[in-house]
Q: 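A single structure is presented below for examination.
Chain identifiers are assigned alphabetically (A, B, ...) following the order of the sequence lines, protein sequences preceding nucleic acid strands; residue numbering begins at 1 within each chain. What you see is a predicted model; the values in this text were computed from it and never measured.
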Amino acid sequence: MAHRYWLMKSEPSAFSIQDLRKVRNQTTSWDGVRNFQARNFMRTMKKGDRVLFYHSNAEPPAVMGVAEVVTEAYPDDSAFNPKDIHYDPRSTPARSLWDMVDIKLVRIFPAPIPLDRLRQEPGLKRMELLRKGSRLSVQPVRPEEWKIVLKLAGS
DNA sequence: GCCAACGTTGGC
DNA sequence: GCCAACGTTGGC
């Protein structure tokens, strides 16, 4: 089965794509997702799936580069820690409510693709990111949308 | 900082 | 099961 495509949002003030470049193995666990739809998407991710890394709440908001799924969904242990900002007592190691995946940096685009640039592309009209009021932090990307975005990135 | 859009919570 | 109140997201 062919790999699937996704988009994942991060606020660069919390964790940027430059941060991802610096961490060990350029790999991080995508913890802290506390939205069921986003969690469910992560649960369907397969090793090798490709991810657009998006900076939200940024100036400008933009697609920054590409990452890949290297570990499929497993319990998000940040939910178990009362001191963690994402603590959720409903989730326990025995019965994990929240999951995460590991992603690894593939590449950072030479130039970010700003949100308003994406909006100019007729082929991206249906993209989840561009839907009015869309807030999903993990979302699927159609293959044809992926192709357009990568073309905009100059690949 | 504002606020529209959305998801979640909880009283009934 | 409804839905008002509330909290969050995220563009602007």
Side-chain angles (χ1 to χ4, degrees), chain A residues 4-23 28-45 49-69 72-103 105-142 144-154:
Chain A
R4 289 226 193 79
Y5 302 111
W6 308 95
L7 180 144
M8 293 167 104
K9 299 179 184 174
S10 186
E11 300 199 13
S13 60
F15 189 81
S16 70
I17 200 167
Q18 288 80 18
D19 293 330
L20 180 57
R21 174 160 62 188
K22 281 181 238 153
V23 296
T28 193
S29 51
W30 206 258
D31 63 359
V33 170
R34 296 293 178 268
N35 170 283
F36 288 105
Q37 214 180 338
R39 180 205 67 180
N40 292 345
F41 282 135
M42 286 202 293
R43 285 182 173 175
T44 71
M45 288 182 180
D49 282 2
R50 295 275 155 154
V51 177
L52 294 173
F53 196 112
Y54 179 79
H55 279 179
S56 61
N57 258 316
E59 194 46 55
V63 177
M64 303 302 294
V66 174
E68 80 173 301
V69 176
E72 291 170 18
Y74 62 102
D76 177 351
D77 54 11
S78 71
F80 307 149
N81 179 2
K83 299 233 171 66
D84 196 288
I85 192 171
H86 296 298
Y87 175 59
D88 185 345
R90 297 175 299 173
S91 189
T92 65
R95 181 183 279 255
S96 179
L97 182 60
W98 302 113
D99 287 351
M100 58 189 175
V101 297
D102 289 357
I103 64 163
L105 181 65
V106 173
R107 68 191 189 96
I108 298 178
F109 294 152
I113 311 168
L115 181 60
D116 51 8
R117 179 69 188 86
L118 298 175
R119 288 194 196 284
Q120 291 168 19
E121 282 300 311
L124 298 180
K125 279 281 185 290
R126 297 202 304 149
M127 197 174 180
E128 172 66 24
L129 181 72
L130 305 184
R131 269 190 45 237
K132 183 179 163 76
S134 166
R135 300 185 312 179
L136 257 187
S137 65
V138 177
Q139 51 182 260
V141 172
R142 296 178 185 86
E144 59 270 26
E145 295 165 349
W146 178 271
K147 210 173 293 177
I148 292 170
V149 173
L150 282 224
K151 193 193 288 179
L152 292 176

Q: Return the value, rounded to whole Å, for the distance between atom CG of A:L136 and atom P of C:dG11.
A: 13 Å
Q: OP1 or OP2 of B:dT9 less than 4.0 angstrom from a side-chain nitrogen or oxygen of A:R90, does that happen here?
A: yes
Q: Just how far, in rounded Å, is C1' of C:dT9 from CD of A:Q37?
A: 14 Å
Q: Kindly give the heavy-atom pair with the smallest separation between A:V51 and A:M8, and that separation in Å.
A: CG1-SD, 3.5 Å
Q: Over how many whole Å does the gap from A:N35 atom CG to B:dT9 atom P extend?
A: 11 Å
Q: Tell me which of A:N57 and A:K132 sits closer to the 5' end of DNA chain B, going by the nucleotide each one is nearest to.
A: A:N57
Q: Show me, pair by pair, the donor-acceptor contacts under 3.5 angstrom made by side chains of residues 55-64 of chain A, not counting sequence neighbours?
A:
from	atom 1	to	atom 2	distance (Å)
A:H55	NE2	A:I17	N	3.0
A:N57	ND2	A:E11	OE2	3.0

Q: Answer yes if the ring centres of A:F36 and A:W98 are under 6.0 angstrom apart, and no otherwise.
A: yes
Q: What is the separation between atom CD on A:E128 and atom P on C:dT9, rounded to the nearest whole Å?
A: 16 Å
Q: Just checking, is any N or O donor in the side chain of A:S78 or A:D76 under 3.5 Å from an acceptor N or O on the other one?
A: yes
Q: To the nearest 0.5 angstrom, please state how far the CG atom of A:L152 sits from the CD atom of A:Q120.
A: 9.5 Å
Q: Please indicate whether A:R21 has more than 12 foreign heavy atoms, meaning atoms of other residues, nucleotides or ligands, lying under 6.0 Å from its CZ.
A: no
Q: Give the rounded distance in Å between these two atoms: NZ of A:K9 and P of C:dT9.
A: 10 Å
Q: Would you indicate what A:R39 reaches in the nucleic acid, counting non-hydrogen atoms under 4.0 angstrom: base, sugar-phosphate, or nothing?
A: nothing
Q: Which value, rounded to the nearest 0.5 Å, describes the distance between A:E128 atom CD and A:E145 atom CD?
A: 9.5 Å
Q: A:F36 CZ to B:dT9 C1': how many Å, rounded?
A: 12 Å
Q: Report yes if a side-chain nitrogen or oxygen of A:Y54 is closer than 4.0 Å to either non-bridging phosphate oxygen (OP1 or OP2) of C:dT9; otherwise report no.
A: no
Q: How long is the line joining CG of A:D116 and P of C:dC12, in whole Å?
A: 7 Å
Q: Between the protein and nucleotides 2-8 of chain C, list the N/O to N/O atom pairs that are separated by less than 3.5 angstrom.
A:
from	atom 1	to	atom 2	distance (Å)
C:dT8	O2	A:R135	NH1	2.6

